[in-house]
Amino acid sequence: MAQNDKNAQSEGFPHATTENLNIIIVGASLGGLATALALKRLPPPHSHTITLLERNPTPLLHNQGAGIVAGGDTLAFFKRYDRCGRDLAAGSIRRQYLNRDGEIVHKEDMRQNMTSWDLVYYMLRANVDGVKSDYCEVPKQDDSREGHVTHLHGHKVTGVEEKGDKVVVKYETNKGKAGEMTADLVIGADGPSSTIRSILAPDVERTYAGYVALRGTVREDSVSPKTREAFSERFTFFHAAGIQILAYLIPGQNGTLAPGERLINFVYYTNVPSPSLTDPSPEFRELMTDVDGQYHRITMPPGKTAPGAWEKQREIAAQKLPPQFAEIVRGTQKPFVQAITDVLAPTNEFLNGRVILVGDALAGFRPHTVASTSQACFDAMILADMIEGKVGRREWKKQTLGYARTIQERGLRMGERSQHEELELEEHIRDRNLASKPREDEVWPAWAVGDVE
Ligand SMILES: Cc1cc2nc3c(=O)[nH]c(=O)nc-3n(C[C@H](O)[C@H](O)[C@H](O)COP(=O)(O)OP(=O)(O)OC[C@H]3O[C@@H](n4cnc5c(N)ncnc54)[C@H](O)[C@@H]3O)c2cc1C
Ligand SMILES: *[C@@H]1O[C@H](CO)[C@@H](O)[C@H](O)[C@H]1NC(C)=O
Ligand SMILES: *[C@@H]1O[C@H](CO)[C@@H](O)[C@H](O)[C@H]1NC(C)=O
């Protein structure tokens, strides 16, 4: 044991160990929940004590009702850990590109699975802490010999400090109480504006990319037959100067996959120049000021867009988009707006590896990469593998940082090309296909992993 500890020490922390660790996870959205589930499911003799601290004041996060492309690591994660026994996703069998008149100008066979944020969230909660919902059954399998997870909402983390070989996490509750907890390992899964990262790497900035995504859904059975056909089992795209829009089918209310009840989900990128998030242009401010006059810096919540600003977007959609896309944009009841941003932490471990970052807290990708949820799932699985001793510490770091930096940069390049350059259709297709390359086929470039010792 002592010998083991010494080895572990020289290797740094975290490391392979069968000790029962006290683990705090900051943030209980998809990244935090995925990490909690992977660590909980480690086989005996592992049995870790895991506490999720989520600042949101309600027990469940509010669903934005939007789609997620379930990439390879997301599917692998659910295959490995999920016990709900239901399908995660709807399938698309083809990618296609339309012209302004709505005619198909390019198509290729490609199988992809698409899911919804809320279905992923509820499936994770069912597995992590047994939350019942209309989305899925709570697993019946006995998990009492696995790690134990406590989910605490209304706990906003405000500080993190090293104390001997432990870490002290400070928080404030939504009832105004301050408290602290001690852990062996702290995971920052607190998203692209991460508090943990801002404490440990204060120079990192989250910057605005110069364009936004207008997002929304419509029920499959509420559109014309021609429009329904364009998106049924199809991942469909349209590009024009300063505009790109894509749409695909996702599970409907309560995660239903019943034909007719599924949702057509769109992501519509459009340039809205602004010097920065803190110094918005009048145009940006108008779009991000809600119906009650409140300004939102990064996300305008569903259904809160001011009618005037949204009406303007509906007009532009009618003028510039193919009819099928115009119909779904104009038909959406609760649009939301997401400012596209970039952020990347310099590394993923701090305080001698006792604090690590995962998911969007490590690297906030542009959505073109369709990789945010996959990154969160991958970071969770490989961390569990390292603690189990299946993956070495250096390999863990190389893979997680390689993924974060390479995909972050790829998303930035894709977005800049697509929004700010005049590309031929072939170039758009090439960029898109690169983004769906399986992670296993990636070789991380030297610039992304050269500093991993
Ligand atoms: C409510 C919500 C809805 C979303 N909906 C969609 C969607 O529809 N489609 C889509 O593609 N992506 C969506 N996302 C983003 C998506 O979840 C992430 O891009 C991806 O899954 C990786 O997530 P993450 O857990 O690393 O970060 P995030 O999802 O950003 O989660 C970070 C979590 O940390 C919590 N947190 C932040 N700071 C603190 C703190 N100081 N103390 C405690 N907790 C803290 C936040 O409240 C949040 O729950 C959504 C995110 C959220 C939070
Ligand atoms: C992915 O989509 C296919 C249909 O193309 C479906 O049969 C399969 O069940 C889906 N996978 C998951 C994990 O939901
Ligand atoms: C989804 O669940 C809610 C809450 O239980 C219920 O009211 C609603 O009817 C369900 N919708 C569908 C389509 O099953």
Side-chain angles (χ1 to χ4, degrees), residues 64-71 89-117 209 211-218 220 223 226-251 262-271 313 316-317 320-332 335-338 340 365-374 410-411 413-420 423-437:
Q64 291 185 356
I68 286 178
V69 175
S92 165
I93 56 170
R94 178 182 293 168
R95 283 189 179 203
Q96 59 188 20
Y97 294 75
L98 304 184
N99 64 14
R100 169 67 184 81
D101 295 329
E103 295 153 356
I104 298 169
V105 288
H106 176 82
K107 60 185 180 189
E108 49 193 272
D109 291 340
M110 189 182 290
R111 286 195 177 272
Q112 279 186 286
N113 287 77
M114 327 304 209
T115 186
S116 63
W117 187 89
Y211 58 101
V212 302
L214 310 175
R215 303 182 63 161
T217 55
V218 289
E220 194 185 3
V223 300
K226 185 166 180 242
T227 295
R228 185 166 173 176
E229 189 195 325
F231 305 114
S232 287
E233 302 191 318
R234 304 284 186 276
F235 192 175
T236 303
F237 301 86
F238 170 71
H239 290 270
I243 286 181
Q244 51 175 324
I245 183 165
L246 54 96
Y248 49 82
L249 276 187
I250 63 170
R262 295 170 298 189
L263 302 173
I264 302 170
N265 166 74
F266 68 83
V267 188
Y268 174 17
Y269 300 96
T270 186
N271 291 339
Q313 296 302 329
I316 298 172
K320 298 206 169 162
L321 300 181
Q324 301 95 321
F325 277 113
E327 185 179 343
I328 58 174
V329 171
R330 292 172 62 80
T332 195
F336 70 101
V337 186
Q338 180 189 358
I340 305 304
F365 298 150
R366 295 196 189 183
H368 321 286
T369 59
V370 295
S372 298
T373 307
S374 277
R410 184 176 297 165
R413 207 151 21 89
M414 274 179 82
E416 290 309 304
R417 281 160 58 79
S418 176
Q419 291 301 120
H420 302 302
L423 299 187
E424 298 294 329
L425 179 63
E426 290 67 40
E427 296 177 88
H428 286 297
I429 295 168
R430 196 162 4 98
D431 280 4
R432 290 265 167 224
N433 288 350
L434 182 61
S436 35
K437 186 167 159 186

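- Of the possible polar contacts, one joining the Ser436 side chain to the Asn433 backbone as a donor-acceptor pair under 3.5 Å is found.
- Checked against side chain to side chain contact (heavy atoms under 4.5 Å, CB included), Pro335 has the following partners two or more places apart in sequence or in another chain: Thr305, Trp310, Thr332.
- Rounded to the nearest 0.5 angstrom, Asn271 CG and His420 NE2 are separated by 5.0 Å.
- Ionic pairing of Glu233 and Arg262 is not present here: no N-O contact between side-chain nitrogen and carboxylate oxygen is shorter than 4.0 angstrom.
- When atom types are taken as modelled, the side chain of Gln324 and the backbone of Gly102 share a donor-acceptor pair closer than 3.5 angstrom.
- One N or O on the side chain of Thr369 and one on the backbone of Arg366 form a donor-acceptor pair closer than 3.5 Å.
- Scanning all heavy atoms of the two residues, the minimum distance from Gly415 to Tyr211 falls at CA-OH, 3.2 Å.
- A distance of 7.5 Å separates CZ in Phe238 from CG in Asn99, rounded to the nearest 0.5 Å.
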Verdict with reasoning, Gln419 to Tyr269, per side chain to side chain contact (heavy atoms under 4.5 Å, CB included)
CA-CA 8 Å; Gln419 291 301 120; Tyr269 300 96; 3.4 Å; yes
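- To the nearest 0.5 Å, the span separating CZ on Arg432 from CE on Met414 amounts to 4.5 Å.
- Arg417 is linked by a side chain to side chain donor-acceptor pair (under 3.5 Å) to Asp431, counting only residues two or more places apart in sequence or in another chain.
- For Leu321 against Ala326, the heavy-atom pair with the smallest separation is CB-N, 4.0 Å.
- Between Leu214 and the options Ile316, Val329, Val337, a side chain to side chain contact (heavy atoms under 4.5 Å, CB included) holds for only Val337.
- Side-chain atoms of Met110 and Phe235, non-hydrogen and from C-beta on, never get closer than 4.5 Å to each other.
- When every heavy atom of Tyr248 is checked against every heavy atom of Gly67, the shortest pair comes out as OH-C, 3.4 Å.
- With a 4.5 Å cut-off on side-chain heavy atoms, Glu427 and His239 do not count as touching.
- Of the residues listed (Tyr268, Phe231, Phe237), the one engaging Phe325 in a ring-ring contact (aromatic ring centres under 6.0 Å, His included) is Phe231, and it is the only one.
- Smallest separation of non-hydrogen atoms from Leu98 and Val105: C-CG2, 3.9 Å.
- The line from NZ of Lys320 to CD1 of Ile245 is 13.0 Å long, rounded to the nearest 0.5 Å.
- In this structure, Ala213 and Ile340 approach most closely via the heavy-atom pair CB-CD1, 3.9 Å.
- No side-chain heavy atom of Leu249 sits less than 4.5 Å from a side-chain heavy atom of Ser92.
- Within the 4.5 Å cutoff, no side-chain heavy atoms of Asn265 are placed close to those of Met114.
- Of all heavy-atom pairs spanning Pro323 and Lys226, the tightest one is CG-NZ, 4.3 Å.
- Between the side chain of Thr217 and the main chain of Leu263, no donor-acceptor pair closer than 3.5 Å is present.
- Two residues are said to be in side-chain contact when any heavy atoms from C-beta on lie closer than 4.5 Å; His428 and Gln244 fail this criterion.
- Taken from OG1 in Thr115 to CD1 in Ile68, the straight-line distance is 6.5 Å, to the nearest 0.5 Å.
- Counting only residues at least two apart or in different chains, salt bridge (charged side-chain N to carboxylate O under 4.0 Å, His left out) contacts with residues 94-110 comprise Arg94-Asp109.
- Considering OG1 of Thr227 and CD of Glu220, their distance stands at 12.0 Å, rounded to 0.5 Å.
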